[in-house]
Structure formats: C-alpha cells, structure tokens
Amino acid sequence: KMEEEIIPISGIVPFRFNKKQCNDKFHSWLKGKFFVPNKFKNTSFELDIYPIYLPFWTFDMECFTRYQARRGDHRYVTVTKTDAQGNKRRERERVTDWSFRTGTCRNSFDDILVMGSKEQKSCYHIYKVCNFDFNSMEKFNTQYLVGYQSEKISVPLEEGFEKAKASVKFQIERTIEY
C-alpha cells in the first residue's frame with residue numbers, strides 16, 4: 001500500500017465570534033428589520049450554531065497566456081435598397097470586419113480558494129460566507145480545534161489545482177478580450 005503524501009497545514013483562520021456573540025449579533029440584526037413582527041423580535045431564543053473548521057486549498061498563480069483569435073469589428077454603412085414597386089430608400093446596415101489576432105497576456109492571482117472537502121456538496125453558500133481575512137491567519141495549532149468539529153482535507157492537491165485553474169479561466173479570457 002502506498003503511503004499518503006502529507007502536506008502540513010500552514011495556517012488557520014480562527015473563528016471571530018463565539019456562539020453567544022453570534023446570537024447577540026443575530027438579535028441585533030433582527031431588531032433593525034422593519035418587517036419582522038415585534039413578537040419575534042422580542043422573543044429570546046438561542047440559535048443552534050455548530051461551527052466547523054473546513055479545509056481549503058489556497059493557490060497563487062502567475063499566468064502567461066498566448067492566444068490566437070479572430071476579432072470582429074463592427075461598422076455601419078448606408079445602403080440604398082429598392083422594394084418591389086421600385087421605391088428606393090436608404091438604410092444603415094451593420095458590417096463586421098474580421099481580422100486575425102495573436103498576442104500574450106499576463107495575469108497574477110493571489111489566494112484563490114478551493115474547497116478541500118468532498119463532504120460539502122454545495123460550495124456556493126460556503127463561498128458566500130467565506131470572506132477570509134488572510135491577515136488574521138494564524139500558524140496552525142491543534143488548540144484552535146478544541147471544542148469544534150473539523151473536516152480532514154479530501155480533495156487531493158492536483159484536483160484542487162485543476163479547480164483553481166478553472167476558476168481563473170474566465171478572468172484570463174476577459175483580459176484577452178479587452
């Protein structure tokens with residue numbers, strides 16, 4: 001059996017708020033909402049919050065891209081048209097001039113996050129709330145995990161890198177287009 005390659009965890013972004021602080025923030029937020037019934041606003045209840053540490057890969061990339069493309073530039077010309085009765089009228093028509101383009105572009109990407117867990121089926125909501133402040137990242141220490149659930153990374157490095165490359169593809173294409 002082949003041994004698993006172990007990549008050390010380089011950092012952790014600690015939770016900013018404990019359960020009580022989260023509940024206090026939620027109740028403050030509720031009080032500021034106009035359409036929330038007062039009965040609901042004034043009810044004291046605890047949210048069931050179960051924080052979990054999730055693994056992420058983070059990638060930095062310097063991308064140098066060579067491209068070949070056809071570019072279409074539109075212009076308008078005025079043409080004279082004759083209808084079936086012999087009446088002439090002038091119209092504007094769009095004409096596209098095509099040209100062949102080649103070139104290169106360079107893009108730099110910093111801290112591209114890729115979910116490292118296959119257990120989380122829908123990453124959409126996770127990425128919406130994951131606004132990591134990388135300046136608050138701490139050197140990894142297992143003490144941060146005490147009292148919390150955590151997941152082991154289950155997305156291999158190579159698969160994570162492929163996902164990172166796919167996530168920047170659109171930005172590279174936009175750079176080439178403009």
Please assess Ser108 against Asp110 for the test side-chain contact (heavy atoms from CB on, under 4.5 Å), listing each intermediate value before the final yes or no. CA-CA 7 Å; Ser108 296; Asp110 188 37; over 6 Å; no
Check the pair Thr104 / Tyr67 against side-chain contact (heavy atoms from CB on, under 4.5 Å), numbers first and verdict last. CA-CA 6 Å; Thr104 59; Tyr67 62 88; 5.5 Å; no
Please test Ile153 against Ser117 for side-chain contact (heavy atoms from CB on, under 4.5 Å), starting from the C-alpha separation and ending with a verdict. CA-CA 5 Å; Ile153 200 153; Ser117 169; over 6 Å; no
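For an aromatic pair to be called close, the ring centres must be under 6.0 Å apart, and Tyr53 with Phe15 satisfies this. No close placement of the Phe59 and Phe109 rings is indicated, their centers lying 6.0 Å or farther apart. Between Tyr50 and Tyr148, a ring centre-to-centre spacing not shorter than 6.0 Å is recorded.
Taking NZ of Lys19 as the reference point, atom CG of Asp24 lies at 12.5 Å (rounded to 0.5 Å). Between atom CZ of residue Phe26 and atom NZ of residue Lys31 there is a gap of 11.0 Å, rounded to the nearest 0.5 Å. Residue Ser167 holds its OG atom at 6.0 Å from CE of Met61, rounded to the nearest 0.5 Å. Rounding to the nearest 0.5 angstrom, the gap separating the CD1 atom in Ile52 from the CD atom in Glu151 is 4.5 Å. Atom NZ of Lys33 and atom OG of Ser28 lie 12.0 Å apart (nearest 0.5 Å). The structure places CD of Glu93 at 9.5 Å from OG1 of Thr78, a figure rounded to the nearest 0.5 Å.
A 6.0 Å sphere centred on CZ of Phe170 holds no more than 12 heavy atoms belonging to other residues, nucleotides or ligands. Around atom CD of Gln149, no more than 12 heavy atoms belonging to other residues, nucleotides or ligands sit under 6.0 Å away. At most 12 heavy atoms of other shown residues, nucleotides or ligands fall within 6.0 angstrom of atom NZ in Lys169.
At distances below 3.5 Å, not a single donor-acceptor pair connects side-chain atoms of His27 with backbone N or O atoms of Cys22. Put simply, the side chain of Thr96 never gets that close to the backbone of Gly72: no donor and acceptor are under 3.5 Å apart. Put simply, the side chain of Asp60 gets close to the backbone of Asp111: a donor and an acceptor are under 3.5 Å apart. No donor-acceptor pair under 3.5 Å is formed between the side chain of Trp57 and the backbone N or O of Glu158.
At a threshold of 4.5 Å between non-hydrogen side-chain atoms, the residues Thr65 and Ile176 count as touching. In this structure the side chain of Val155 never reaches within 4.5 angstrom of the side chain of Met115, judged on heavy atoms. Taking 4.5 Å as the limit, every side-chain heavy atom of Trp29 sits out of range of all side-chain heavy atoms of Lys25. Side-chain contact between Gln171 and Glu173 is absent, with no heavy atoms from C-beta onward closer than 4.5 Å.
In terms of hydrophobic clustering, with Ile, Leu, Val, Met, Phe, Trp and Tyr side chains grouped at heavy-atom distances under 4.5 Å, Phe17 and Leu145 are assigned to different clusters. The hydrophobic cluster containing Val13 does not contain Phe140, counting ILVMFWY residues as joined when their side-chain heavy atoms lie under 4.5 angstrom apart, directly or transitively.
Side-chain contact check for Arg101 and Ser99: at least one donor-acceptor pair (N or O, by modelled atom type) lies under 3.5 Å. Under 3.5 Å, the side chains of Thr102 and Gln68 contain no donor-acceptor pair of N or O atoms.
Applying the side chain to side chain contact (heavy atoms under 4.5 Å, CB included) test between Thr58 and each of Ile112, Leu113, Val114 identifies Leu113 as the sole match. If you run side chain to side chain donor-acceptor pair (under 3.5 Å) between Asp97 and each of Arg75, Arg71, His74, only Arg75 comes through.
Shown here for Phe64 and Arg106, the closest heavy-atom pair between the two residues is CD1-NH2, 3.6 Å. Heavy atoms only, all atoms of each residue included: Ile12 and Pro14 are closest at O-CD, 3.3 Å.
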